[in-house]
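I have placed the structure first, in the form of structure tokens, so that the comments after it can refer back to it.
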Amino acid sequence: MSEHSHAVPIPPGIQVAPSILAADFGALREQVATVIDAGARLIHVDVMDGHFVEPISVGAPVIEALAPQVHAAGGLLEAHLMVERPERHIEAIVAAGAQSLTLHAEATPQLALAIHRAREAGVGVGVAINPGTPAAAIEEVRADVDVALCMTVNPGWGGQPFIARSPEKIARLRALIGPDVALEVDGGIDVRSAPICAQAGASVFVAGAAIFAAPDPGAAYRQLVEALAGAGAPPRR
Ligand code: DX5
Ligand code: ZN
């Protein structure tokens, strides 16, 4: 369990986190309002720099635009930083209103320092790993994070198919982090893959296309929650 549990913003229980990457950016507030009204309280923002991943997405200004809306609903805004040297961006992303930062283990030779700096900034901290990175890459920092994020596609794009062998890795990660750290899956999550990930030990389910590419994002959010309700939660104390 994290020694910084007082700062944990993402609890270890089952949660669906809509990813705005697949939303209509011309109507972002309305799109976020739709999933908040449906019950979502964790909003996932993908920050991409064109280096760590090929595309460029959004950064602090978009987080700043959404933060008041998410906070007013009692929600949490999570920034998934797919950027090189994330430690250089912590201050700006936290100032914009993100309450949890997820950093990639592959993005910096100074992972422990980056996590430390995010802690110092007073936010929740997650560590993410790509499909090609072994679960053991988070071993030395697992006690310092609130969330481990397992990419279930190669990062950079929404709407990709779920990598079928991910559940084995999710189970290895759950064994590594223990029952009290949130385990997030991101990429290709839908009503079919989410319950499989839950069985393997995942607790937080990021979904972009499955929610925002659906004709009714609020209904799609609720369908995911319902699919997980019958899936069997990961082991808890
Ligand atoms: C991918 C991003 C994901 C993305 C998931 O690099 O980290 O958060 O939005 O999109 P879907 O759910 O469409 O696979
Ligand atoms: Zn993401």
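Order of appearance sets the numbers: ligands from 1, and atoms from 1 within every ligand.
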What's the shortest distance from [atom] to any protein heavy atom, and which residue and atom give it?
{"atom": "atom 11 (P) of ligand 1", "value": "Gly159 N, 3.6 Å"}
{"atom": "atom 12 (O) of ligand 1", "value": "Gly208 N, 2.8 Å"}
{"atom": "atom 3 (C) of ligand 1", "value": "Asp186 OD1, 2.9 Å"}

**Item:** Residues Arg119, Asp146: salt bridge by 4.0 Å N-O rule
**Value:**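 The answer is yes: the pair qualifies as a salt bridge.
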Take every heavy atom of [X], measure it against each atom of ligand 1, and state whether any distance is under 4.0 Å.
{"X": "Trp157", "value": "yes"}
{"X": "Gly187", "value": "yes"}
{"X": "Val153", "value": "no"}
{"X": "Ala210", "value": "no"}

**Prompt:** Heavy atom under 4.0 Å from ligand 1: found in Ala207's side chain, backbone, both, or neither?
**Reply:**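 Only the backbone of Ala207 comes within reach of ligand 1.
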[Y] and [X], any side-chain heavy atoms less than 4.5 Å apart:
{"X": "Phe205", "Y": "Leu228", "value": "yes"}
{"X": "Leu21", "Y": "Ser57", "value": "yes"}
{"X": "Arg41", "Y": "Ile36", "value": "yes"}

**Message:** Minimum heavy-atom separation for Ile189 and Ala194, please, with both atom names.
**Reply:** CG2-CB, 3.8 Å
**Prompt:** Which of the atoms in ligand 1, numbered in the order shown and given with their element, are less than 4.0 Å from a heavy-atom of Gly158?
**Reply:**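 Within the 4.0 Å cut-off of Gly158, ligand 1 contributes 10 (O), 13 (O).
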**Prompt:** Is the closest side-chain donor-acceptor distance between Asp190 and Ser193 under 3.5 Å?
**Reply:**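 Side chains of Asp190 and Ser193: pair found under 3.5 Å.
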